[in-house]
Amino acid sequence: MINVESVDPKDLKNGDQVYVIYRNPHVPSVANVKEAEIVPHPRDPNALALFINETFHVIEDDDALFATKDSAERAYHTAYEDQLDQYH
């Protein structure tokens with residue numbers, strides 16, 4: 001298994017930068033690695049949210065968040081390896 005620098009959502013704080021594997025909501029078969037910022041949740045002052053593509057996203061315990069772009073890209077390639085091989 002490839003070692004990646006994943007981030008535990010419980011360890012996040014306002015202002016942190018993380019990387020996520022983001023699925024396009026309009027084309028679910030398309031995913032990319034994107035940088036996101038950890039910000040105060042707009043509706044819950046006791047919670048944090050991901051801010052990505054000008055949108056707030058609730059942080060779930062099972063979200064795959066990465067400390068570096070390289071780690072996120074390695075996880076992406078591991079997760080989508082079978083799909084990527086279909087196109088080569």
- Query: Hey, what do you get for NZ (Lys69) to CZ (Arg74), rounding to the nearest 0.5 Å?
  - Reply: 13.5 Å

- Message: For residues Val18 and Ile59: do they belong to one hydrophobic cluster (side chain heavy atoms under 4.5 Å, members Ile, Leu, Val, Met, Phe, Trp, Tyr)?
- Response: yes

- Query: What's the shortest heavy-atom distance between Ile52 and Ala36, and which atoms?
  - Reply: CB-CB, 4.0 Å

- Message: Just so I know, are the side chains of Leu48 and Asp16 near enough to count as touching, which here means a heavy-atom distance under 4.5 Å?
- Response: no

- Query: Between Tyr22 and His57, what is the ring plane arrangement, given parallel below 30°, perpendicular above 60°, and tilted in between?
  - Reply: perpendicular

- Nearest-0.5 Å distance, CD of residue Gln17 to CG of residue Leu65: 12.5 Å

- Message: For the CD1 atom of Ile21 and the CZ atom of Phe66, what is their distance to the nearest 0.5 Å?
- Response: 4.5 Å

- Item | Reported CG-to-CD distance for the pair Asn32 and Glu73, which is rounded to 0.5 angstrom | 10.0 Å

- So, does Asp8 use its side chain to make a donor-acceptor pair with the main chain of Lys10 at under 3.5 Å? yes

- Please answer: with hydrophobic residues joined when any side-chain heavy atoms are less than 4.5 Å apart, are Tyr76 and Val20 in the same cluster? no

- Item | Distance (rounded to the nearest 0.5 Å) between Glu37 CD and Phe56 CZ | 9.5 Å

- Task: Applying side chain to side chain contact (heavy atoms under 4.5 Å, CB included) between His41 and each of Leu50, Asn46, Val58, report the one that passes.
- Result: Val58

